[in-house]
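Read through the structure below, which is laid out as structure tokens, and then see the notes.
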Amino acid sequence: MASTLPALPQSRHLAQPIPGPRSRELQAQRNGEVTSAFGTTLPVFIDRAEGGILQDVDGNRIIDFASGIAVTSVGATNAFVQARVAAQLERFTHTCFMVTEYEGFTEVCRWLNAHTPGSFDKRSALFSTGAEAVENAIKIARAATGRPNVLVFDEAYHGRSLLTMAMTAKENPYKLGFGPFPEQIVRAPNAAPLRWPGGAANAAAEALAEVEGILADHGPESFAAIVIEPIQGEGGFLVPAEGFLAGLRSIADAHGIVFVIDEIQAGMGRTGTLFASEHEGVEADLIVTAKAIGGGLPLSAVTGRAELMNAVHPGGLGGTYAGNPLACAAALGVFEAFEDGSLLDAARVIESVVRAHLEPLLDSVPVVAEVRGRGAMMAIEFADPVTLEPRADVTKAVVAACHAAGVLVLSCGTYGNVIRLLPPLVIGTELLEDGLRVLAEAIVRQSAEASALRDVATA
Ligand SMILES: *Cc1c(COP(=O)(O)O)cnc(C)c1O
């Protein structure tokens with residue numbers, strides 16, 4: 001499908017203050033119609049998106065360091081995705097795969113079975129949202145093992161449905177007032193190096209010992225699944241200490257527990273490999289994917305060992321929209337976009353450019369505690385240099401300064417003191433560098449101002 005629109009210039013441009021008058025008008029309408037329970041990172045309304053740019057209804061061109069939360073990795077107007085979706089749109093939009101079938105569903109499963117880590121015999125199941133796929137992974141693990149318990153980790157995020165809320169760690173905003181939650185969810189510490197009490201070097205070994213202790217307390221034979229993100233997303237882009245994932249894999253094996261890796265945010269090329277667990281050479285029994293695999297259309301999947309995936313009784317899994325034909329077509333376009341490897345290269349280049357701009361701040365700005373991540377999944381954490389007390393105030397001020405300058409960044413972390421960068425993999429280097437310069441300047445200025453304010457308050 002050839003677009004009839006002119007190309008969107010790949011440069012930052014402020015036509016109006018952000019948010020501009022048209023966005024403010026639309027926001028007022030939104031407030032009159034839409035529940036206030038949906039938060040908004042930046043209250044601008046988008047007219048078009050392409051490459052690394054979001055263009056709003058006031059003509060502002062904003063640098064996109066969010067990708068709609070790690071979804072539009074191949075770009076919001078990827079030609080492969082557009083062509084496949086347009087072709088599917090002409091033929092039919094929906095049949096429900098549980099009623100009558102279509103080939104695209106099988107094709108997506110075939111690609112996932114072939115490309116996810118592990119050379120064993122696999123099957124896949126498709127769904128619509130990430131939370132739905134995580135829930136189905138738990139259903140599969142319980143059906144296959146006949147066991148109830150699920151082990152999850154501090155700082156984990158697995159979704160907003162009732163079961164995945166229970167699996168998610170952070171109370172506010174995700175869980176506040178929404179209980180009671182499903183039981184049988186057990187939480188273990190996460191081997192996050194920066195804050196590990198025994199020091200970064202001991203994080204993996206000590207966290208694994210704690211996991212063994214927790215399993216022993218409940219009886220390891222009561223656990224159906226261990227579920228972990230290979231790099232935690234909402235929890236703060238925490239890269240686990242080296243050896244932690246492999247150690248969990250061994251623990252799962254020793255006790256016959258299904259090892260589930262939630263690659264919803266870190267997967268599909270984001271970290272410079274197709275799946276983030278490849279960095280540690282760890283193979284999941286079940287791998288959960290969503291976000292970027294659908295290229296902007298809602299699609300999620302559980303892929304894993306055939307004997308587990310086929311352990312559920314026929315008819316036990318499904319969903320009206322599960323693996324919708326348009327979403328499957330979009331995913332096949334995403335897979336095509338990744339075929340020549342250039343997007344994985346791009347993710348690695350993004351990491352080196354981000355590090356070159358942000359790592360010097362580790363020395364020059366005291367509240368910059370850590371620059372971490374992999375590929376195009378990078379973050380910077382703000383904390384007191386001595387006590388590591390989280391500095392959400394600095395984070396908020398930096399985010400606001402970036403937004404005002406036309407750079408969309410997101411915060412994350414249990415304490416709201418981390419800025420995460422999730423640019424589309426197709427962002428140009430010049431645009432990336434422009435956005436990073438804005439971010440670095442905001443960090444230098446806002447951290448000085450926030451610290452001065454603090455000194456006045458404590459004087
Ligand atoms: C976003 C996310 C989910 C939930 O996906 P939804 O599509 O929002 O339901 C689950 N796990 C991780 C790691 C995520 O980042």
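Both ligands and their constituent atoms are indexed starting at 1 by order of listing.
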Do any N/O atoms on E132 end up under 3.5 angstrom from N/O atoms on ligand 1? no
Set of residues satisfying salt bridge (charged side-chain N to carboxylate O under 4.0 Å, His left out) with respect to E210, sequence neighbours excluded: none
Only residue of D285, D121, N310 satisfying side chain to side chain donor-acceptor pair (under 3.5 Å) with R305 is D285
Among the heavy atoms of G233, does any lie under 4.0 Å from an atom of ligand 1? no
Would one find an N or O of E234, backbone or side chain, under 3.5 Å from an N or O of ligand 1? no
So the atoms of ligand 1 within less than 4.0 Å of a heavy atom of T129 turn out to be 7 (O), 9 (O)
Residues D393, K396: salt bridge by 4.0 Å N-O rule: no
So, using side chain to side chain donor-acceptor pair (under 3.5 Å) as the criterion, who are the partners of R372 when residues are at least two apart? E370, E381
Under 4.0 Å from ligand 1, counting heavy atoms only, is it the side chain of A131, its backbone, both or neither? both
Counting heavy atoms under 4.0 Å, the part of Q232 that contacts ligand 1 is neither
N or O pair under 3.5 Å between G159 and ligand 1: no
Using a strict threshold of under 4.0 Å (side-chain N to carboxylate O), is an ion pair present between E389 and R391? no
